[in-house]
Amino acid sequence: MKVDLHCHSYYSDGKHSPEFLIESAIVNGVSHLAITDHDCVDAFSELNKNRDEITILNGVEISCDWLGLEVHIVGLLIDTENASLGSLLRNQQSERRSRIEAMDKKLKALGVDDLLPWMEKQKCVAMTRSHVADFLVEKGLSKNRQKAFKRYLAKRGKIYVAANWCSLQSTVQSIHGAGGIAVLAHPGRYPLSKGKLKSLVEEFAGFGGDAIETSYSNIDPLVRNRLSDLAEEHQLYASVGSDFHDEAATWTRLGKYPEPDQQSKKNAIWLHPKWHFE
Ligand code: AMP
Ligand code: MN
Ligand code: MN
Ligand code: MN
């Protein structure tokens, strides 16, 4: 068994089709793959999930607000047709569109036109800052995505606009309402002190959250161990995923992340009661 429970297709800010992700995961020996696009589930609408070589799990990654901080919650094994989750996702998509429109205004003030028509040509359902980064690179304003984030899109960037995300609690509720498992994504990537991270995990568990990611691309081994301890402490399951977006980013590959430690293996997410396939 080799799972990858976090990756993105071109329906959000990934570069590839869902079919490509699946083929590539099979080549890498992945047995269970969840596609978890930002705030949309369109990858599943025309996907043939009946395959012999691999099990495909429904998934989503929802951006939400916790005390003014943006955190990401992965929903696994959700019913993608669930009406109330659908309405939450449509809201998020419309917040994303408004945010991009506000960024377009800021760009125009800097003398850069055409972001919106460029956006319309993309395949995404959920518009992200990664798209704006690609636009800035295409326009020759930045050398690469990283630099575009640093100069323009990060919190202190020239065209940064805060988003108005749904709350952490409503996100967990909505994932549960759709029959899914709620997973706190990449907890080591938030700008939080050890104490604050502990409070986040505590509140997430208090809201009924099920699991936290304890290994993902490029995680520091010390952070991995700390997350594994946090999961154990709060009786949460341990999930793993590459957070793969793009074949050109050679530091991420489907199915690739540091080996989880023994404690995380003991708390593995596939032991969750909802983890079953017909
Ligand atoms: P958004 O959800 O629109 O705020 O876009 C966030 C996405 O941008 C994340 O999911 C990452 O894939 C990507 N991202 C965030 N920060 C950076 C960064 N510093 N460099 C490159 N990509 C980033
Ligand atoms: Mn992303
Ligand atoms: Mn994320
Ligand atoms: Mn992600």
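Order of listing sets the numbers, starting from 1, for every ligand and every atom in it. Nothing here was measured: the structure is a model prediction, and the numbers come from that model.
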Given V30, I26, L254, the one that forms side chain to side chain contact (heavy atoms under 4.5 Å, CB included) with L21: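 Of the listed options, the one satisfying the test is L254.
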
Nearest protein heavy atom with distance in Å, relative to atom 18 (C) of ligand 1: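 The closest heavy atom on the protein side is F149 CG, 3.4 Å.
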
Closest protein heavy atom (residue, atom, distance) for atom 20 (N) of ligand 1: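 Result for atom 20 (N) of ligand 1: Q146 OE1, 3.3 Å.
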
Under 4.0 Å to a heavy atom of [X] - the qualifying atoms of ligand 1, by number:
X	value
H245	12 (O)
T128	3 (O), 5 (O)
S130	7 (C), 8 (O), 12 (O), 13 (C)
R129	1 (P), 3 (O), 4 (O), 5 (O), 6 (C)
R96	1 (P), 2 (O), 3 (O)

Mind checking whether the Mn ion (ligand 3) has an N, O or S of H6 under 2.8 Å?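 Checking H6: none of its N, O or S atoms is under 2.8 Å.
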
N, O or S of E61 under 2.8 Å from the Mn ion (ligand 3):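 Yes.
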
Examine R99 against ligand 1 and note whether any of their N/O atoms are separated by less than 3.5 Å.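 Yes.
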
Check the surroundings of atom NZ in K150: do more than 12 heavy atoms from other residues, nucleotides or ligands lie under 6.0 Å from it?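 No, NZ of K150 has 12 or fewer neighbouring heavy atoms, counting only those of other groups under 6.0 Å.
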
Aromatic ring pairing H186/H72, orientation class (parallel under 30°, perpendicular over 60°, tilted between):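 Ring orientation of H186 relative to H72: perpendicular.
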
Quick one: does ligand 1 sit under 4.0 Å from the side chain of D13, the backbone, both or neither, non-hydrogen atoms only?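 The side chain, only.
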
Record the part of R145 in heavy-atom contact with ligand 1 below 4.0 Å; permitted values are side chain, backbone, both and neither.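 R145 to ligand 1: no contact under 4.0 Å from either part.
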
Distance-only side-chain donor-acceptor flag, [X] / [Y], under 3.5 Å:
X	Y	answer
Q122	H131	no
S228	T214	no
E70	W165	yes

Closest non-hydrogen atom pair, S242 against D4: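 Residues S242 and D4, closest heavy atoms: OG-OD2, 2.7 Å.
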
Which heavy atom in I54 sits nearest to a heavy atom in A25, and how many Å separate them?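 Nearest pair, atom of I54 first, then A25: CD1-CB, 3.8 Å.
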
With the Mn ion (ligand 3) at the centre, find the angle made by NE2 from H186 and ND1 from H72, to 10°.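 With the Mn ion (ligand 3) as the vertex, NE2 (H186) and ND1 (H72) sit 100° apart.
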
Check: P258 main-chain N/O paired with S215 side-chain donor or acceptor under 3.5 Å: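 A pair under 3.5 Å: yes.
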
Does some non-hydrogen atom of H8 fall short of 4.0 Å from ligand 1?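 In this structure, H8 fails to qualify as a contact of ligand 1 - no heavy atom is under 4.0 Å.
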
